[in-house]
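Here's the structure, in structure tokens; my notes come after.
Residue numbers start from 1 in every chain, and the chains themselves are labelled A, B, ... in the order their sequence lines are given, proteins ahead of strands.
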Amino acid sequence: MNLPKMGAPVVVQNITGRYGRLHTRLMLDYGTNVAAGATPGKGGQSVEGVPVYDTVAEAVAKSGAVASVCFVPAEFTLAAGEEALDAGIKLLVIITEHVPVRDELKLVQLAQSRGATIIGPNCPGIIIPSQKVKLGIMPAPSFAPGGVALYSRSGTLTYEIAGQLTAAGFGQSVAVGIGGDPINGSTPMEWMDFVQGMPETKVVVAVGEIGGDAEERLARHIERSGYKKPIVSYIAGRHAPKEKKMGHAGAIIYGDYGTADSKIKALTAAGVMVAKTPMEVPSLVKKSLP
Amino acid sequence: MRLFEYQAKELFKAYGLPVPKSVLVSGLAGVRGAFATLSPPVAIKSQVLAGGRGKAGGIALVSDPAQAEKEAARIFELAIGGERPSSLLLEQAYPHDAEMYVSVSLDRGDRSFVVIAAQAGGVDVESMSGKVIRKLPLDGISQPFADEVASELKLDGERARQFSKILLSLERLAREKECELAEINPLAVGRDGMLIPLDAKVIIDDNALFRHPEFAKLHPEDEFEGEASRQGFAFVRLGGDIAVVGNGAGLVLSTLDLVGDAGGKPACFLDLGGGAQQERIEAALRLVNRLPEAKRILVNIYGGITRTTDVAAGLLAVISGGGSKPIFARVSGAEEAAAKEMLAGSPVRLYRTAPEAVEAVVMAG
């Protein structure tokens, strides 16, 4: 996984929508270099002082944007993602929820063929507090610079756990919401490998939930690759019923596939410290540090 | 959205997949008439969405009208996983020697759709021996692709030809109707040499329903789940007495765990979604107030984009309307101090942390 340099110019897709507008302001306030917006038919306007173009290609040509934060509604997310990748965007953060699975698969394949990275869909984005960069919608006050790399399949749990870590004196080197859908543009394993290469990361906090087998795969990966940094995890959904989508499209247990118990067992066997509640995460982080 | 077996089989027919002759009945009165149009033995199958129908006694093989009526009466009354059927499928039994398996499903880890097929079906997929798994291209498969799967399964001649045809149809159905899963288990190998799907399990990608309006009205929805979905809330009814409301799927899921660990029984999972404003919070609280089995309400909010002052205003508005069930709340994050001040002196029982609020709401039962 290759990420463009943080601080590089960013384009916001559907910047003229309610959420696009709100979060453009919040991203600018935080320090993100939002250099352009794109909304078809709204070229020539400006939002929070950011120029709006009709197409991503034009926005890229004028601003040099290499990353995009996409607030385009689900019905049009595939087209918007294709447009961004075709325009040369290398990091595409898709906030949008309810994107069809087959559209997500098409975008993943296209991104792979272009050497680009997707975060999301159905995610809060990425934040790097030490560089004052956030591409997404997370509330800035929950985060502070530090040595914890945090990634999660859930938005509010990311904020909640980051807030508790921050309050306990553990800031974050990076926090990523990878998305709550069955298909993630970038996977837990890719993020684990990415944060292992960040010298400022001292410990990884991996927040998961029921559904799929990403955590089981991750556990195998940790064991096989001899992962070098301590890992703390929390898995939501120990009491969730089967065959019901619990808010996230990806949070569903089929039979014995995707249960919290299976994930907790696999991670524990791989030497990961698994917190029983979100509140327990800071104390395990403390314990994991030398 | 999971389809009932009879709906899935109608879809099968439309895609040229062979299915046994069957009649759907929605009440006991129709059973004898339906039975008369089929040649016995006849399978009576409960139309519920829950798995494990056969084991739970939801399927019976009958050979005369009196027996059909008796079994139908029993199965209509039989709840499977808390769900009672509103219809039964009477289906001509198909004499067969062997049962195969074939499905098209999403492999989340490999980020691809896959076909899984096996000579010996009828059991769960995990433990099937000799199964063949192949990644499917997003734009569909060709005859040679299907033939290769058949030969990998060690099928030959007429059986291989029939299997390829079934796989091609199933893949086209799964792709065009945007299924998360399209499964035939079992695929019967008949004494006449035909391959016939005996059961059909189809799950449509909910997020793709906007492209498939034909499925929009297929289900008799739970009244509360229907209203919640119209309001844009993620909502699951859980049967206990504590309504759990929060913002964000992961946060609500973790709150259910806290409630369960403390010995409580959640009545529902309700996710307000991000950035919820006062009206949505009010709408959610009104909804859970009307949920008959819910006796107490637990609200767990971590305000990020959602402003906790909006949450407080929503709580106060519902309470001032009168008749609200007791509300236990934990409200943290953006504008927390102001929100707490707003709620001070109100009947909302406010707690500093989620575990404290959970303990209180469980103990109050």
Contacting region of [X] [heavy-atom separation from chain B under 4.5 Å]:
X	result
Lys242(A)	neither
Met279(A)	side chain
Ile235(A)	backbone
Glu104(A)	neither
Pro182(A)	both

Should [X] and [Y] count as side-chain neighbours, where that means a heavy-atom distance under 4.5 Å?
X	Y	result
Phe113(B)	Val101(A)	yes
Arg2(B)	Glu243(A)	yes
Tyr302(B)	Gln164(A)	no
Asp261(B)	Lys276(A)	yes
Pro100(A)	Phe210(B)	yes
Asp205(B)	Arg102(A)	no
Arg108(B)	Asn184(A)	no

Does any backbone or side-chain atom of [X] lie under 4.5 Å from a heavy atom of chain A? Answer side chain, backbone, both or neither.
X	answer
Arg175(B)	both
Ile203(B)	side chain
Leu209(B)	neither
Thr255(B)	neither
Cys179(B)	backbone

Under a 4.5 Å heavy-atom cutoff, which of [options] has the most pairs with chain B?
options	value
Val108(A), Leu157(A), Thr277(A)	Leu157(A)
Asp213(A), Ile137(A), Asp103(A), Leu22(A)	Asp103(A)
Ala74(A), Ala214(A), Gly211(A)	Gly211(A)

Which of these passes side-chain contact (heavy atoms from CB on, under 4.5 Å) with Leu253(B): His239(A), Arg238(A), Glu209(A)?
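When His239(A), Arg238(A), Glu209(A) are each tested with Leu253(B), the side-chain contact (heavy atoms from CB on, under 4.5 Å) holds only for Glu209(A).
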Closest non-hydrogen atom pair between Arg111(B) and Leu105(A), with its separation:
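For Arg111(B) and Leu105(A), the tightest heavy-atom pair comes out as O-CD2, 3.3 Å.
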Closest non-hydrogen atom pair between Tyr234(A) and Ser254(B), with its separation:
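For Tyr234(A) and Ser254(B), the tightest heavy-atom pair comes out as OH-CB, 2.9 Å.
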Would Arg217(A) and Asp107(B) count as a salt bridge (charged side-chain N to carboxylate O under 4.0 Å, His left out) here? Give the steps.
CA-CA 13 Å; Arg217(A) 283 168 179 259; Asp107(B) 185 324; 3.7 Å; yes
Can a donor-acceptor pair be found, under 3.5 Å and without considering hydrogens, that links the side chain of Asp257(B) to the backbone of Gly237(A)?
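Indeed, once roles are kept as given, a pair shorter than 3.5 Å links the two residues.
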